[in-house]
Chemist: 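Let me give you the structure first, and then I'll get to my questions.
Start at 1 and go down the list; that is how both ligands and their atoms are numbered. Scope of the values below: all heavy atoms of this structure, side chains included, with no hydrogens, waters or symmetry mates.
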Amino acid sequence: MQWLPYLSRYIHVLMAVLAVGGLFFLWRVTLPALAAAGESEAAAAARRLVVRRWRMILWHAIVLLLVTGVYNAYLNWPPRGAPGGPTWHMLFGIKMILAGGLFVIGIALTWPGQGPAFFKRRAGLFIRVNVVLALAVVALASAMKMLH
Ligand code: HEM
């Protein structure tokens with residue numbers, strides 16, 4: 001077995017699990033629990049802590065997904081004339097656009113301080129958008145795998 005491709009694949013899948021699983025947990029569990037805690041100073045402190053800790057996990061996951069994703073692309077790029085090649089390229093392009101959107105929204109919502117207000121004021125909406133994007137990105141990755 002080749003260790004570098006294995007390690008890259010392991011890190012890519014692990015970071016996808018962490019980022020997508022963490023997003024889902026935030027959406028369905030943490031944020032509703034924080035909302036139920038009301039407007040006290042303790043609840044506001046808990047919200048700040050959640051954002052700070054999630055930022056650390058998410059931003060590292062994004063960097064690792066990009067690095068291992070580029071390496072995966074180099075390894076899995078279909079040879080010229082391969083039967084599933086054009087479809088693979090199309091899915092890869094769509095995956096890049098959707099993953100880019102997912103990363104931009106994730107970074108904007110966890111950016112330190114008040115801004116960017118456009119995203120933070122609509123956090124509930126953008127978290128839902130990211131859940132949909134995440135489901136689509138994993139579906140595309142699975143389809144790409146089937147084309148080899
Ligand atoms: C939210 C971000 C992302 C998620 C959730 C994600 C998820 C996944 C998953 C689950 C796989 C299948 C792994 C396997 O079975 O070995 C995969 C494969 C792959 N990913 Fe990602 N990924 C993300 C971002 C990226 C990025 C940014 C790139 C490129 C820069 C990338 C490039 C690839 C490539 C080339 C493959 C292999 C496809 C194939 O087998 O033909 N991914 N990804």
Chemist: Determine, considering heavy atoms only, which of M96, M146, M144, H148 sits nearest to atom 26 (C) of ligand 1.
Modeler: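 That would be M96.
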
Chemist: Start with the C-alpha gap between L4 and S8, add the side-chain angles, then the distance that decides, and say whether side-chain contact (heavy atoms from CB on, under 4.5 Å) holds.
Modeler: CA-CA 6 Å; L4 195 55; S8 170; 5.7 Å; no

Chemist: Yes or no on side-chain contact (heavy atoms from CB on, under 4.5 Å) for W77 and H89, after CA distance, side-chain angles and deciding distance?
Modeler: CA-CA 8 Å; W77 207 262; H89 284 123; 3.3 Å; yes

Chemist: Which residue holds the protein heavy atom closest to atom 37 (C) of ligand 1, what is that atom called, and what is the gap in Å?
Modeler: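 In this structure, atom 37 (C) of ligand 1 has N76 ND2, 3.7 Å as its nearest protein heavy atom.
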
Chemist: Go through the steps for L64 and L14 under the test side-chain contact (heavy atoms from CB on, under 4.5 Å), then give the verdict.
Modeler: CA-CA 10 Å; L64 289 171; L14 186 63; over 6 Å; no

Chemist: Starting from atom 27 (C) of ligand 1, locate the nearest protein heavy atom and write down its residue, its atom name and how far away it is, to 0.1 Å.
Modeler: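 Result for atom 27 (C) of ligand 1: L66 CD2, 3.8 Å.
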
Chemist: Short list, please: which atoms of ligand 1 are under 4.0 Å from a heavy atom of V70?
Modeler: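 Per the distance check, 29 (C), 30 (C).
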
Chemist: CD1 of I11 to CG of L18: how many Å apart, nearest 0.5 Å?
Modeler: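 Answer rounded to 0.5 Å: 11.5 Å.
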
Chemist: One residue to check: K145. Relative to ligand 1, which of side chain, backbone, both or neither has a non-hydrogen atom less than 4.0 Å away?
Modeler: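 Answer for K145: both.
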
Chemist: Report yes or no: do W54 and T110 form a side-chain donor-acceptor pair below 3.5 Å?
Modeler: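 Side-chain D/A pair, W54 to T110: absent.
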
Chemist: When you look at N76 and F92, which way does the side-chain contact (heavy atoms from CB on, under 4.5 Å) test go after all the steps?
Modeler: CA-CA 11 Å; N76 288 292; F92 181 69; over 6 Å; no

Chemist: How far is atom 16 (O) of ligand 1 from its nearest protein heavy atom, and which residue and atom is that?
Modeler: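 Going atom by atom, the protein heavy atom closest to atom 16 (O) of ligand 1 ends up being R9 NE, 2.4 Å.
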
Chemist: Have a look at ligand 1 and work out which part of V13, if any, has a heavy atom under 4.0 Å from it: side chain, backbone, both or neither.
Modeler: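 It is the side chain that gets close, since no backbone atom is under 4.0 Å.
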
Chemist: What do you reckon, does W88 put a non-hydrogen atom under 4.0 Å from ligand 1?
Modeler: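 W88 counts as a contact of ligand 1 under the 4.0 Å cut-off.
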
Chemist: As an exercise, identify every atom of ligand 1 less than 4.0 angstrom from a heavy atom of A73.
Modeler: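 Per the distance check, 35 (C).
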
Chemist: State, yes or no, whether a side-chain contact exists between Q2 and Y6 at a heavy-atom distance under 4.5 Å.
Modeler: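 No; the side chains remain at least 4.5 Å from each other.
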
Chemist: Is the backbone of V137 close enough, under 3.5 Å, to the side chain of K95 for a donor and an acceptor to pair up by distance?
Modeler: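 Not a single qualifying donor-acceptor pair exists.
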
Chemist: Among protein heavy atoms, which sits nearest to atom 1 (C) of ligand 1, and what does the distance come to when rounded to 0.1 Å?
Modeler: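 For this ligand atom, the closest protein heavy atom is L102 CD2, 3.1 Å.
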
Chemist: Using a distance threshold of 2.8 Å, what protein N/O/S atoms lie below it relative to atom 21 (Fe) of ligand 1?
Modeler: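 Result, waters dropped: H12 NE2, K95 NZ.
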
Chemist: Going by the angle between their ring planes, with limits at 30° and 60°, are W27 and F24 parallel, tilted or perpendicular?
Modeler: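 Taking F24 first and then W27, their aromatic rings stand perpendicular (interplane angle over 60°).
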
Chemist: Got a second to check how far L58's CG is from L23's CG, nearest 0.5 Å?
Modeler: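 Here the interatomic distance stands at 8.5 Å.
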
Chemist: Main chain of M56, side chain of H60: is a donor-acceptor contact present, judged purely on distance under 3.5 Å?
Modeler: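 Answer holds: yes.
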
